[in-house]
Undergrad: 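Quick one: structure below, then a few questions.
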Amino acid sequence: MNKIVSKEHFSANVVKLEVEAPLIARSRKAGHFVIVKVGEKGERIPLTIAGADTVKGTITLVIQAVGGSSRKICELNEGDYITDVVGPLGQATHIEKVGTVVCAGGGVGVAPLLPIVEAFHKAGNRVIVVLAARTKDLIILEEQMRQNSDEVIIMTDDGSYGTKGLVTNGVESVINREKVDLCVTIGPAIMMKFVSALTKKYEIPTVASLNTIMVDGTGMCGACRITVGGKTRFVCVDGPEFDAHQVDFDEMIMRLGAYKDIEKK
Amino acid sequence: MTIEELIAARRAEPWREALRKSKKNKERTDIPRVKMNELDPEYRSHTRLEEVNLGLTKEQAMQEAGRCLDCPNPTCMQGCPVNINIPTFIKNIERGEFLEAAKTLKETSALPAVCGRVCPQEKQCESKCIHLKMGKEAVAIGYLERFAADYERESGNISVPEIAEKNGIKIAVVGSGPAGLSFAGDMAKRGYDVTVFEALHEIGGVLKYGIPEFRLPNKIVDVEIDGLRKMGVQFEKDCIVGKTISYEDLRTDGFKGIFVASGAGLPNFMNIPGENLVGVMSSNEYLTRVNLMDAANPESDTPVLQGKKVAVIGGGNTAMDSVRTARRLGAERAMIVYRRSEEEMPARLEEVKHAKEEGVEFMTLHNPVEYIGDERGRVKQMRLQKMELGEPDASGRRRPVPIEGAIETIDVDEVIVSVGVSPNPLIPRAFEGLEVSKKGTIVVEEDSMRSALSDVYAGGDIVRGGATVILAMGDGRKAAAAMDADLRGKA
């Protein structure tokens, strides 16, 4: 049982929870995720860790209500308990000084991108963040990103904030004006697919952090498997980050829809 | 006292001698072996949770116990990885002292009600029974074990094994499956302060996520776990050693010995086209959804595909568990697809028999070569290569060889791949200094289960790669004995 010590609404469907988990807070690194389950009959779902406070012994999770289980988590309030939180899982992000890093985030993918932005910035890289959303209200963590990077570019589909356009337009504008050594992308699978296609064209090494269906999250079930460079890999133990140019995003998108028809409300 | 001396001393007790003399051996061997009472196959193939085997009645158990000749040199015990004193518990059943029988089981087994259900006794204790040498069927040791354990549980008089004086030495166990629980029980009896760390949200490992309710109800596992709690064993769930806490953390926290029983991790796939289509999954995923997450229950948030035409690839016990589960979840056609013939199947005979009774089709000498999906990426067909048996391979079984051009296409809407597992890579990656085999198993000394790290022992599937509950439990016992001896030596 893990207590929720604070809750903040980022938008109508997106909440930020600070959850007591002292052991995870101590051992987690950028890129790690946890498995969370709400209620005795709850579903186990993976959530990437968006931050941690080792003094308070808490981790930060940002959740978008998209299905029954994520809605259940979003409906919890400060003082409530999450039945199970386990982690940190997966391989941590490989952080080193490479030069200029473009970090492209969309949707709630922006939240797990934050610790990666912080880490690359601390390692002495020039970090440019591209945040994208449908509309102004859905842009999250802008201030924190500004504090931990050299530049933040905002893209909105409707042009209500920043520049009108897609995340790829933002990334390409950077590529067109300066040398980019690495791109990191987290967001909806379809977004990562297009970011990857773009950077492939420019031959810029790109890492995507994938969020697939999982059950145990420790390598046991294989529900999270994807094809990377023609080989089957498990996101939970081999990932969640992979060379985006090698990932079969179409297959991943298809597999994400496995339970669409029968998902419980 | 050595085991041999203990066997002799117990056998010499007056009641035992009297009981032995009460019947001639001929009378005993003439009694036919008891048949397990079972649920009706048609009924049970549509009921998700009810146990298939119903257990023996008192009368049946006492009669079956009367078949045992109470041999002076009980070979059955050599077949038991946890050295249950088999004649002693059986003779207690024969004389009607069922609680005594249960106590005998618990002397060496942390999970008698589990073993009585899922052990392959026909390959273990029963394979060494004297009756077989006389051309008779073995004493039904497994059924009797289950009877005694169930009787004790249902009586409410559950005994707690004797615990040595607490020695204050902290021991950590990684994983709460059969190896870990068996180890924990033995160390608690020796007075150690044992904490079991479990990665999942339930204690029991494969007993909970793997073996279905119709073969091993979770509540029976829970009673055995409660027994360990009463012996002082502590359980920490949602805690992954190597992730949540490290090997160094355990040492800093004062744990003097660590037993790694983290089990079989990664499911194997066959690497054939279409294997990542929606509807194709590992038996681990399928069974975990149904057993651990209770996904077929409308109250559960976890979904599970409930196919109408389900193929399960493989011929082991896990394959049988999967196919029988599929039948219970409404599959009109539930098929086992196995590349060898039925004779080579690793599954227990009982499981194969039960599956057939429940209407499972057996497509032996067939091997999938491709899965075909619909426009949404959902599996709709599988292509099977027909096989024939050739020369024996390294396993001694005849090697299946493809019959050229003999390909069959079959409609399916769900495929469960049950072709084995590879060891969980979490621990080998997290414990620096461990020796790990090419297959990814932890290398240990055979007698002591000690790894390359002097305070780390390992057993069960993380060492064996994929075996049975009872072999895992045997490893736990061996490791406990060795760790205890090592720690005493140091003291």
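Letters A, B, ... are given to chains in the order of the sequence lines, protein chains preceding strands, and every chain is numbered from 1. No experiment lies behind these values; they were computed from the predicted model shown. Values below: all heavy atoms of this structure, side chains included; hydrogens, waters and symmetry mates excluded.
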Undergrad: Do the side chains of A:Thr218 and B:Lys243 get nearer than 4.5 Å, heavy atoms only?
TA: no

Undergrad: Hey, could you give me the NZ/CZ distance between A:Lys260 and B:Arg376, rounded to the nearest 0.5 Å?
TA: 9.5 Å

Undergrad: Which atoms form the tightest heavy-atom contact between A:Met254 and B:Leu277, and what is the distance?
TA: CE-CA, 3.9 Å

Undergrad: Measuring heavy-atom distances to chain B, does A:Arg26 have an atom under 4.5 Å in its side chain, in its backbone, in both, or in neither?
TA: side chain

Undergrad: Between B:Leu426 and A:Met220, is there a side-chain heavy-atom distance shorter than 4.5 Å?
TA: no

Undergrad: Does anything in residues 205-217 of chain A reach chain B? List residues with heavy atoms under 4.5 Å apart, or say none.
TA: A:Ile213, A:Val215, A:Asp216

Undergrad: Strictly less than 4.5 Å between heavy atoms, which residues of residues 200-209 of chain B line up against chain A? Please order them by number.
TA: B:Leu200, B:His201, B:Tyr209

Undergrad: What pairs with A:Lys193 under side chain to side chain donor-acceptor pair (under 3.5 Å), at least two apart in sequence or on another chain?
TA: A:Asp250

Undergrad: Give, as side chain, backbone, both or neither, the part of A:Lys72 having an atom under 4.5 angstrom from any heavy atom of chain B.
TA: side chain

Undergrad: Check side chain to side chain donor-acceptor pair (under 3.5 Å) between A:Glu18 and all other residues, then give those that pass, not counting sequence neighbours.
TA: A:Ser6, A:Lys56, A:Thr58

Undergrad: Heavy-atom pairs under 4.5 Å with chain B are the metric here; pick the option from A:Cys236, A:Gly42, A:Gly39, A:Gly222 that has the most.
TA: A:Gly42

Undergrad: With rounding to the nearest 0.5 angstrom, report the CG to NZ distance, B:Asn297 to A:Lys41.
TA: 5.0 Å

Undergrad: Taking side chain as C-beta onward, heavy atoms only, is B:Val278 less than 4.5 Å from A:Tyr259?
TA: no

Undergrad: Quick check for you: to the nearest 0.5 Å, what is the distance between A:Lys37 atom NZ and B:Asp238 atom CG?
TA: 8.0 Å

Undergrad: To the nearest 0.5 angstrom, please state how far the CD atom of A:Glu43 sits from the CZ atom of B:Arg289.
TA: 7.0 Å

Undergrad: B:Ile240 and side-chain contact (heavy atoms from CB on, under 4.5 Å): which partner among A:Ile24, A:Leu89, A:Leu23, A:Ile35?
TA: A:Leu89

